[in-house]
Amino acid sequence: MVVRARFAPSPTGYLHVGGARTALFNWLFARHEGGEFRLRIENTDTSREVAEAVDQIRGTLAWLGLDHDGPVTFQLDRVSEAQAAARRLVDEGRAYEDEGAIRFRMPDEGVTVWDDIVLGRIEVPSEELDDLVIVRSDGRPTYNFVSPLEDALDGVTHVIRGQDHVSNTPKQLRILEALGADLPRYAHVPLLNGPDGRKLSKRHGAITVEDFREQGYIPEAFVNFLALLGWSYDDRTEVMTRGELVERFTLERVGKSPAVFDYDKLSHLNGLYLRALPPADYADRLVAYLRERGYEWDEQLIRGAAPLVQEKIETLGEFPAYAGFFFARIESEGEVDGQVLPAAAETLAAVEPFEAGQIEAALRGLAERLGLKPREAFQPIRVAVTGSTVSPGLFESLELLGREESLARLEGSGRGGARGSSAR
RNA sequence: GGCGCAUUCGUCUAGUGGCCUAGGACACCGCCCUCUCACGGCGGCGGCACGGGUUCGAAUCCCGUAUGCGCCUCCA
């Protein structure tokens, strides 16, 4: 039997990290099993926002690299089938009309049981199950009816979703049973919380995958991080490629308890992935990211700066603040000790060729002549040239800036600070 | 309130009766490296929610308590 999983978001906007994690688990499971991963949109109306949200969701899944099989299906397209199925249930006495709506008759006694792949065996006594509205009085079928119906129609074999659906499961199982459909296996994955232990929400910071993309996280790192939220391979392996994740992922190793979304760890992983990128690839991503964010900086200069920051920043989003001085003079915050500046300018004017190695040798020589420790001599130069006490390597930065611009900044500072210009 | 699920360092987790004086990672602290920052290396801090059992032996099994979360909608 071919395994078929599905991700069934409702089109309410950008994909939330929790939804992305659910999608990822479904995708990893399907790919691991050599099965299919379907995308189904659980919409109930045709409002304009739906079309946009669907595009957003598809865009996010594509960015994450979660490709789906078959066409995207819409709940809306199943309305008539759902209505027909509901009528059949009424004819069979399994459902009845109630003030214009149709209610499903839940059993009065016994228990509904399923063996959840994550949670284990769960039993729900029938007294807990109230007769359920399956078609509203306006004719639209409800979620708890169409969702299992669609699973049956699509031949879904594994329903992998958040634990907030646990109490829907017995209802859906009963409906499937009444419909005479094959029952899928269920796996209820733990929910995601914010750092305060409460449900993840906007006040915790970034919340949609799109937010993280804008902040300069890259999909490889994000996927790796998401996979580790509620799932683990062993007691020490954390950094895994997409291929390794697919190869190693099993639902049996998904945990039962909710996880807190740890922004610090995500950043750390992102930095790891960024540093591991081949330099040319890194530069490509930086250029693409900055373009997307609306920066119109010179591409060659961005590429030149890329290797100077690759070891330094954890997200692409840190680049403008960290390396913006390459593109515009930055007013330095603090006082610049102007003592070494004229001497540094004089020294740099004579460096030939004007490249990092020569610059370093010359400036170290200067520090020695002035009787200064390297740090004492270099910090003022750094501040004068970059506008900050924290920057990429000084010598490499001077080389990239070029002799003329470097000297201009050293002299500008000597006269009381460089002129800033628009950074965008 | 009812029902369900969960509970190992601050966080993500390993752990399925002896391998655990509980392992790894992030964060944090210290040292080293060093032109700043970062990277890297080394070291440190820090946890089995609580109470009863069962057992020669329990983080692991059972019961209870507490806490958290979820659902209880003609939302999905």
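Every chain is numbered from 1, with letters handed out A, B, ... down the list of sequences.
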- Can you list, by residue number, the residues of residues 220-231 of chain A that have a non-hydrogen atom closer than 4.0 angstrom to RNA chain B? A:Leu228, A:Leu229, A:Gly230
- In plain terms, say whether A:Arg185 and A:Asp116 are close enough for a salt bridge, that is, a side-chain N and a carboxylate O under 4.0 Å apart. no
- Query: Checking A:Glu376 side chain against A:Lys373 main chain: does a donor-acceptor pair fall under 3.5 Å?
  - Reply: yes
- Message: Is the terminal nitrogen or CZ of A:Arg248 (NZ for Lys, CZ for Arg) located under 6.0 angstrom from the six-membered ring centre of A:Tyr233 and within 45° of that ring's axis?
- Response: yes
- Message: Please determine whether ring pair (Phe, Tyr, Trp, His ring centres under 6.0 Å) holds for the pair A:Phe327 and A:Tyr322, giving the CA-CA distance in whole Å, both sets of side-chain angles, and the decisive distance to 0.1 Å.
- Response: CA-CA 11 Å; A:Phe327 307 90; A:Tyr322 189 69; over 10 Å; no
- Name the nucleic acid region contacted by A:Ser232, choosing base, sugar-phosphate or nothing; use a 4.0 angstrom heavy-atom cut-off, strictly under. sugar-phosphate
- Item | Whole angstrom value for the distance that separates C1' of B:rA76 from CZ of A:Phe74 | 16 Å
- Query: Within the structure shown, what part of the strands sits under 4.0 Å from A:Ala259 by heavy-atom distance: base, sugar-phosphate, or nothing?
  - Reply: sugar-phosphate
- Task: Write out all pairs satisfying side chain to side chain donor-acceptor pair (under 3.5 Å) with one or both partners inside residues 217-227 of chain A, taking only residues at least two apart or from two chains.
- Result: A:Tyr217-A:Ser267, A:Glu220-A:Arg285, A:Asn224-A:Tyr273
- Are the side chain of A:Thr386 and the backbone of A:Ser388 linked by a donor-acceptor contact shorter than 3.5 Å? yes
- Task: Describe the nucleic acid contact of A:Glu42 in one word from base, sugar-phosphate, nothing, applying a heavy-atom distance below 4.0 Å.
- Result: sugar-phosphate
- Message: Main chain of A:Val156, side chain of A:Arg4: is a donor-acceptor contact present, judged purely on distance under 3.5 Å?
- Response: no
- Task: Answer yes or no: is there an ion pair linking A:Arg364 with A:Glu360, defined by an N-O contact shorter than 4.0 Å?
- Result: yes
- Query: For residues 83-96 of chain A, which residues have at least one heavy atom under 4.0 Å from RNA chain B?
  - Reply: none
- B:rG51 versus B:rC71 - spacing of their P atoms, nearest Å: 33 Å
- For B:rU7, which nucleotide is its Watson-Crick or G-U wobble mate, given both distances must be under 3.5 Å? B:rA66
- Task: Report the distance from atom CD of A:Gln172 to atom C1' of B:rA76, rounded to the nearest whole Å.
- Result: 10 Å
- Write down the distance separating the C1' atoms in B:rU34 and B:rG41, rounded off to the nearest Å. 13 Å
- Query: Any donor-acceptor pair under 3.5 Å joining the side chain of A:Lys265 to the base of B:rA25?
  - Reply: yes
- Determine, for nucleotides 28-50 of chain B in 5'-to-3' order, which nucleotides have protein heavy atoms under 4.0 Å from the base (write B), from only the sugar-phosphate (write S), or from neither (write -). -------BBBSSS----------
- Task: Using a cut-off of strictly less than 4.0 Å between a heavy atom of the residue and any atom of RNA chain B, enumerate the qualifying residues of residues 107-135 of chain A by number.
- Result: A:Glu128, A:Val133
- Task: Can you tell me, in whole Å, how much space there is between the C1' of B:rU65 and that of B:rC75?
- Result: 35 Å
- Message: If I pick the C1' atom on B:rA14 and the same atom on B:rC48, what distance separates them, to the nearest angstrom?
- Response: 13 Å
Where do N or O atoms of nucleotides 18-23 of chain B meet protein N or O atoms at under 3.5 Å, pair by pair?
{"unit_1": "B:rG23", "atom_1": "O2'", "unit_2": "A:Arg236", "atom_2": "NH2", "d": "3.1"}
{"unit_1": "B:rG23", "atom_1": "N2", "unit_2": "A:Asp235", "atom_2": "O", "d": "3.1"}

Every protein N/O within reach of nucleotides 67-71 of chain B N/O, cut-off under 3.5 Å:
{"unit_1": "B:rC69", "atom_1": "OP1", "unit_2": "A:Arg198", "atom_2": "NH1", "d": "3.2"}
{"unit_1": "B:rC69", "atom_1": "OP1", "unit_2": "A:Arg198", "atom_2": "NH2", "d": "2.9"}
{"unit_1": "B:rG70", "atom_1": "O2'", "unit_2": "A:Asp164", "atom_2": "O", "d": "3.4"}
{"unit_1": "B:rC71", "atom_1": "O4'", "unit_2": "A:Ser167", "atom_2": "OG", "d": "3.2"}
{"unit_1": "B:rC71", "atom_1": "O2'", "unit_2": "A:Ser167", "atom_2": "OG", "d": "3.0"}

- Item | Results of ring-ring contact (aromatic ring centres under 6.0 Å, His included) for A:Tyr282 - residues two or more places apart only | none
- Query: Thinking salt bridges, do A:Arg140 and A:Asp138 make one under a 4.0 Å N-O criterion?
  - Reply: yes
- When the C1' atoms of B:rC28 and B:rG10 are considered, how many whole Å apart are they? 9 Å
- Go through the structure and list residues passing ring-ring contact (aromatic ring centres under 6.0 Å, His included) with A:His68, not counting sequence neighbours. none
- Task: Would you kindly give the NZ-to-P distance between A:Lys256 and B:rU60, to the nearest whole Å?
- Result: 14 Å
- Query: Can you tell me if A:Ser126 uses its side chain to pair, donor with acceptor, with the backbone of A:Glu109 under 3.5 Å?
  - Reply: yes
- Query: Which whole number of Å gives the distance between the C1' atom of B:rG15 and that of B:rC74?
  - Reply: 47 Å
- Do A:Arg38 and A:Glu36 sit within salt-bridge range, that is, some charged N less than 4.0 Å from a carboxylate O? yes
- Query: Which part of the nucleic acid does A:Arg253 contact within heavy-atom distance under 4.0 Å: base, sugar-phosphate only, or nothing?
  - Reply: sugar-phosphate
- Report the distance from atom OH of A:Tyr233 to atom P of B:rG24, rounded to the nearest whole Å. 19 Å
- Message: What's the gap between B:rC9 and B:rG47 when it is taken at their P atoms, as a whole Å value?
- Response: 9 Å
- What pairs of residues pass the salt bridge (charged side-chain N to carboxylate O under 4.0 Å, His left out) test when at least one of them lies in residues 118-128 of chain A, not counting sequence neighbours? A:Arg121-A:Glu123
- Quickly work out the A:Asp262 CG to B:rC12 P distance and round it to whole Å. 8 Å
- Task: Just grab all the salt bridge (charged side-chain N to carboxylate O under 4.0 Å, His left out) pairs involving residues 146-166 of chain A, residues at least two apart or on different chains.
- Result: A:Arg6-A:Asp151, A:Arg40-A:Glu150, A:Arg40-A:Asp151, A:Arg40-A:Asp154, A:Arg78-A:Glu150, A:Arg78-A:Asp154
- Test side-chain hydrogen bond (donor to acceptor under 3.5 Å, both in side chains), reference A:Arg103, set A:Asp130, A:Asp131, A:Asp98, output is A:Asp98
- Message: According to ring pair (Phe, Tyr, Trp, His ring centres under 6.0 Å), does anything in residues 380-405 of chain A pair up with another residue at least two apart or in another chain? List the pairs.
- Response: A:Phe378-A:Phe395
- Expressed as a whole number of Å, how far does the C1' atom of B:rG40 sit from that of B:rG23? 23 Å
